[in-house]
Amino acid sequence: MELLSDEYIRGLVEGEGCFTFDTRVKREEKLKVPTFIISMHQRDEELLRLMRTSMKLPKINSNSIYVSGPYRKDGVNRGKMATLIVRDYLSLINVVVPFFYGKLRGYKGVQFQEWIEKIGNINVPYPYRRIFNLHKQGKFGKFAYYDSKI
């Protein structure tokens, strides 16, 4: 099986991806977990699996591909959606952020930069704040891999 090129993956994400936050309630406190999402029609589920493999994202629960029913039931024949969701801290800091940092154009590039800035300015779980700190230190352009010891 041939892996997808980095440019192809970035093109998919510019069209179908999203950098957002997943809200979690912990002891009556709302925490925002940084999350990378890409959704496509269910017929492209295998493409999402190939994308996950090509990016070297670990196959763990927090990097799962989900299939859900039509997003809207309005009488139109809509298919199910396959969605890759990445919210694992190590996957975000080691793979997702370095993969896209400074390499997205147009609105998706703006959305990505705003997402990193929000990580530093909203209530996120402790380790995720390191993404913002490394961004402010200018480290993402210099190194390709980070671990939990940084």
> Atom CZ in F99, atom OG in S91: separation rounded to 0.5 Å?
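So the gap between those two atoms works out to 13.5 Å.
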
> How long is the straight-line distance from CD1 of I65 back to CZ of R49, given to the nearest 0.5 Å?
4.5 Å

> Should we count NZ of K80 as having more than 12 external heavy atoms under 6.0 Å?
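Open.
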
> Please find the pair of heavy atoms, one from G17 and one from K108, that lie closest to each other, and give the distance.
O-NZ, 2.6 Å

> Quick check for you: to the nearest 0.5 Å, what is the distance between F21 atom CZ and L31 atom CG?
12.0 Å

> Between NZ of K136 and CD1 of I116, what distance do you get to the nearest 0.5 Å?
10.0 Å

> Report yes if the side chains of L47 and Y8 come closer than 4.5 Å at any heavy-atom pair, otherwise no.
yes

> Do V124 and P34 come within less than 4.5 Å of each other through their side chains, counting heavy atoms only?
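V124 reaches P34 side chain to side chain.
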
> Within the structure provided, determine whether L12 and M40 are in side-chain contact (heavy-atom separation under 4.5 Å).
yes

> Once rounded to the nearest 0.5 Å, what's the spacing between atom CD of E14 and atom NZ of K103?
12.5 Å

> May I have the step-by-step check of side-chain contact (heavy atoms from CB on, under 4.5 Å) for K59 and R52, ending in yes or no?
CA-CA 8 Å; K59 293 179 185 175; R52 181 177 61 192; 3.8 Å; yes

> According to the interplanar angle, ranging from 0 to 90°, do the rings of Y128 and Y89 count as parallel (below 30°), tilted (30 to 60°) or perpendicular (above 60°)?
perpendicular

> Between F19 and L104, is any pair of side-chain heavy atoms under 4.5 Å apart?
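The answer is yes; the side chains approach within 4.5 Å.
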
> Are any non-hydrogen side-chain atoms of L3 and L50 less than 4.5 angstrom apart?
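In short, these two side chains touch, coming nearer than 4.5 Å.
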
> With a 4.5 Å cut-off on side-chain heavy atoms, are C18 and Q111 touching?
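Touching, per the 4.5 Å side-chain cut-off.
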
> Distance check, rounded to the nearest 0.5 Å: L84 atom CG versus L48 atom CG?
6.0 Å

> Can you confirm whether V86 sits close enough to T35 that some side-chain heavy atom of one is under 4.5 Å from a side-chain heavy atom of the other?
no

> Closest approach of V67 and E45, non-hydrogen atoms and distance?
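Minimum heavy-atom contact is CG2-OE1, 3.5 Å.
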
> What orientation do F36 and F100 show, parallel under 30°, tilted 30 to 60°, or perpendicular over 60°?
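It falls in the tilted class, 30° to 60°.
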
> For a side-chain contact (heavy atoms from CB on, under 4.5 Å) check, start with the C-alpha distance between L134 and Y101, then their side-chain angles and the critical distance, and finish with the verdict.
CA-CA 12 Å; L134 290 170; Y101 195 86; over 6 Å; no

> Would you confirm whether S54, through its side chain, and L4, through its main-chain N or O, come within 3.5 Å as a donor-acceptor pair?
yes

> Would you say I122 ends up clustered with I119 if hydrophobic residues are merged whenever their side chains have heavy atoms under 4.5 Å apart, either directly or through other cluster members?
yes

> Any luck finding a side-chain donor-acceptor pair between T23 and K32 under 3.5 Å?
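Yes, side-chain donor-acceptor contact under 3.5 Å.
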
> Determine whether R24 and K30 make a side-chain contact, defined as any pair of heavy atoms from C-beta on separated by less than 4.5 Å.
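They are not in side-chain contact.
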
> Can you see whether H135 engages Q113 through a side-chain donor-acceptor pair at a distance of less than 3.5 angstrom?
no

> Verify side-chain contact (heavy atoms from CB on, under 4.5 Å) between L57 and V96, making sure each step is shown before the conclusion.
CA-CA 8 Å; L57 284 165; V96 173; 4.2 Å; yes

> Any chance you could lay out the side-chain contact (heavy atoms from CB on, under 4.5 Å) test for S64 and I85, step after step, and finish with the verdict?
CA-CA 6 Å; S64 297; I85 300 174; over 6 Å; no

> Between F140 and I131, which heavy-atom pair has the shortest distance, and what is it?
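Scanning both residues completely, I find the closest heavy atoms to be CE1-O, 3.3 Å.
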
